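Since the structure comes first, as structure tokens, the remarks are kept for the end.
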Amino acid sequence: MDWQLLVVLALLVASIVMFAINRPRMDVVAVALLVALPLTGVLTVPETLSGFSDPNVVLIAALFVIGEGLSRTGLTYRLGDWLSARAGTSTTRLIVLLMLTVALLGAFMSSTGVVAIFIPVVLSIAARLGVSPRRLMMPLSFAALISGMLTLIATAPNLVIDAELVRAGEQGFGFFSITPFGLVVLALGIGYMLVARRFLGDDADAEPIGADRTYGHLMTDYRLADRDRRLQVGRGSPLIGRSLGEVDLRRHGMRVIAVERRRWLRRTLEVTATAPSAVIGRGDVLLVDVFARRDELEGYLRRLRLRTRPVDDGFLAERSREVGLGEVMPPPNSAALGRTVGELRTRELYRVDVMGLRRGTEALSGSLAAERVRLGDTLLVVGAWEDVQRLPARSADFVALELPAEVREQSPAANRAPFALLSVVVMVVLMVTGIVPNVIAALIACLMMGLFGCIDMSSAYRAIHWPTLLLIVGMLPFALALERTGGIDLAVDALTGVLGEGSPTVLLAGLFITTALIGLFVSNTATAVLMGPVAIVMAEKLGASPYPFAMVVMLAASAAYMTPVSSPVNTLVLGPGRYRFSDFARIGTPFALIVMIVAITMVPWLLPLYPGR
């Protein structure tokens, strides 16, 4: 083993460790690899940066834009409304229709985007039916992952494997080559979830979530019941005449939710939603969220001449017309991820405050300003109803978990829905017929959506998940470096040495298991980049067709059911479904084994290992 191979393997191990601990972010690791690989002398700079010119990278970016166009025109939400109407009161019918709908959408747009859109839909339906969200969120996640097995463009790993085949001199897969396997897995997945839902929770323990949740439920869920106070501004208070932005009570361990102000003409109390420019007057009553220690708080109140006034459990709920509460969560492409709550500057930018944060089943207490936002976290925001409802529409960094107003706000091009559908149909027809390359077909669909007003340029750029693109660009040359230094041959020899060269079924099973295990620690896209060349070289050494080996890797890369970090769609449902890590392990592992059995049984049948024999 020469020193260059040792260096490349060291980089591989280091990148896998960083992917596993998510320190730093995956796209940062990919950029670091782009810097490190030319320094090894294995690749030249043009070879290292060749991923930027890869047609599949452009194709994936175009598919993000097309998915955003479907969302902006409201097609996805209309499917959600149809789902709610058709499901009626039957949980079984709901799970079947939900998984079919999500899989169909995910076959043509980002599965992560589909899940982000359907989370509030599912929460609303669960609340209406009195069904525990735990029984619905995992079927949603599984269906999104299965959608990657329905078309060639459904997920990035498929395109990565297809590109590797082309690079090896093969023809590549057709648009629907993977579909027969995906349809069988989808049918089995629906049946499996109808049984497995019984192990995900009891409907009797269901909590109202989404649009039917009350202020009381939210206060309890985010452990805020003992934190709200009413403080009256007394004579001689240094706060009088100053704006909320000037005094910034957050540095005193208090966050102002609203200001009660007596209107003398009507002799009634009104609640005015807070704004940084709101000026405090004598006699005003500040409704505050307190996160300071009790001993510190008493000192602050004396110094600021604030007098405590009584507040009962229903105080905030009685003022729900003036003060809005809402749950939001950051999607995988959110700029909020990795930043502290204080750095989000939600009050300055969107006129809302982050009042609570839930991580999985745990609500964090104390000051949240220094807490970093992670994927799967849910945030409780407070402000005027208009600002709370418009937050997801004003920022792509947050997805709402409540439905009515948010759905209308997130469909700014609803009257363009037929044109969005036409654009997708044209793209699929062009891809299936092969009249133009896939990337050109996708770009034509993007141009059509822009021409018809389904999407504007700013929304298109925001829709592209740049970390995913950087990850692919950074990992593609890594596979070339492994091949050039003999790392691929070493991996193939190790696999065939362990599995033997006899039974094709054993070889395919070993390839599936290896791919799935790597997918536990790194993203399925990075897994496909690493395992695609291994599969093709293994086929070459056995004198077999590369297609069945490549197909097994494609199926295994989408079988990321076993942990909440195996795929972003799992992480997204972790919080709303109130799942633990063990829930994915005990429900996802058996189904991953089912998918493996489908793969090693159907793949040699539909894609013969030794065609012509």
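This structure is a prediction, so every number in the text was calculated from the model and none was measured.
A side-chain donor-acceptor contact under 3.5 Å links N158 to the backbone of T151. In this structure, T179 contributes its side chain and L150 its backbone to a donor-acceptor pair below 3.5 Å. Side chain of D377 to main chain of L357: no donor-acceptor pair is present (N/O by atom type, distance under 3.5 Å, no hydrogens or angles). Looking at E362, its side chain never comes within 3.5 Å of a backbone N or O of R359 through a donor-acceptor pair. When atom types are taken as modelled, the side chain of D54 and the backbone of V473 share no donor-acceptor pair closer than 3.5 angstrom. A side-chain donor-acceptor contact under 3.5 Å links R484 to the backbone of V42. Formation of a donor-acceptor pair under 3.5 Å by the D162 side chain with backbone atoms of G172 is not found in this model.
Nearest heavy-atom pair across A599 and P604 is O-CD, 3.8 Å. Counting all heavy atoms, side chain and backbone alike, P180 lies closest to L606 at CB-CD1, 3.9 Å. Heavy atoms only, all atoms of each residue included: V57 and G51 are closest at CG2-O, 3.4 Å. Across M427 and A445, no two heavy atoms sit closer than the pair CB-CB, 3.8 Å. Nearest heavy atoms, A559 versus F512: CB-CZ, 4.0 Å. Looking at every heavy atom in both residues, A144 comes nearest to V569 through CB-CG1, 4.3 Å.
Residues Q4 and V7 are not in side-chain contact: their nearest non-hydrogen atoms beyond the backbone lie 4.5 Å or more apart. Looking only at side-chain heavy atoms (C-beta outward), L165 and P546 come within less than 4.5 Å of each other. M138 places none of its side-chain heavy atoms less than 4.5 Å from the side chain of F199. In this structure, the side chains of L34 and L470 stay at 4.5 Å or more apart for every pair of heavy atoms. Between L70 and F108 there is no side-chain heavy-atom pair separated by less than 4.5 Å. Between I178 and L152, every side-chain heavy-atom pair lies at or beyond the 4.5 Å cut-off. Residues L59 and M431 meet the side-chain proximity criterion, which asks for heavy atoms closer than 4.5 Å. For the pair F173 and M551, the minimum side-chain heavy-atom distance is below 4.5 Å.
Between the CG atom of L508 and the CE atom of M538 there is a distance of 9.0 Å, given to the nearest 0.5 Å. Remark: I600 CD1 to L555 CG distance equals 11.5 Å, nearest 0.5 Å. Atom CG in L200 sits 14.5 Å away from atom CZ in R578 (nearest 0.5 Å). The distance from atom OG of S141 to atom CD1 of I587, rounded to the nearest 0.5 Å, is 12.0 Å. Taken to the nearest 0.5 Å, the CZ atom of F175 stands 10.5 Å off from the CG atom of L430. Rounding to the nearest 0.5 Å places CG of L159 at 7.0 Å from CG of L63.
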Q: Assess whether side chain to side chain contact (heavy atoms under 4.5 Å, CB included) is satisfied between L480 and T48, documenting all intermediate values.
A: CA-CA 9 Å; L480 177 59; T48 303; over 6 Å; no
Q: Starting from the C-alpha separation in whole Å, work towards a yes-or-no answer on side chain to side chain contact (heavy atoms under 4.5 Å, CB included) for M602 and F181.
A: CA-CA 7 Å; M602 288 188 65; F181 311 102; 3.7 Å; yes
Q | Pair L511-V553, side chain to side chain contact (heavy atoms under 4.5 Å, CB included): steps then yes or no | A | CA-CA 7 Å; L511 190 60; V553 173; 3.9 Å; yes
Q) Checking side chain to side chain contact (heavy atoms under 4.5 Å, CB included) for the pair I146/F591: CA distance, chi angles, key distance, verdict? A) CA-CA 11 Å; I146 294 171; F591 189 64; 4.0 Å; yes
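Within 6.0 Å of CZ on R580 lie no more than 12 heavy atoms contributed by other residues, nucleotides or ligands.
For the 3.5 Å distance criterion, the side chains of S459 and D456 qualify, holding a donor opposite an acceptor.
Between F142 and Y561, the ring planes lie tilted relative to each other; the angle falls in the 30° to 60° range.
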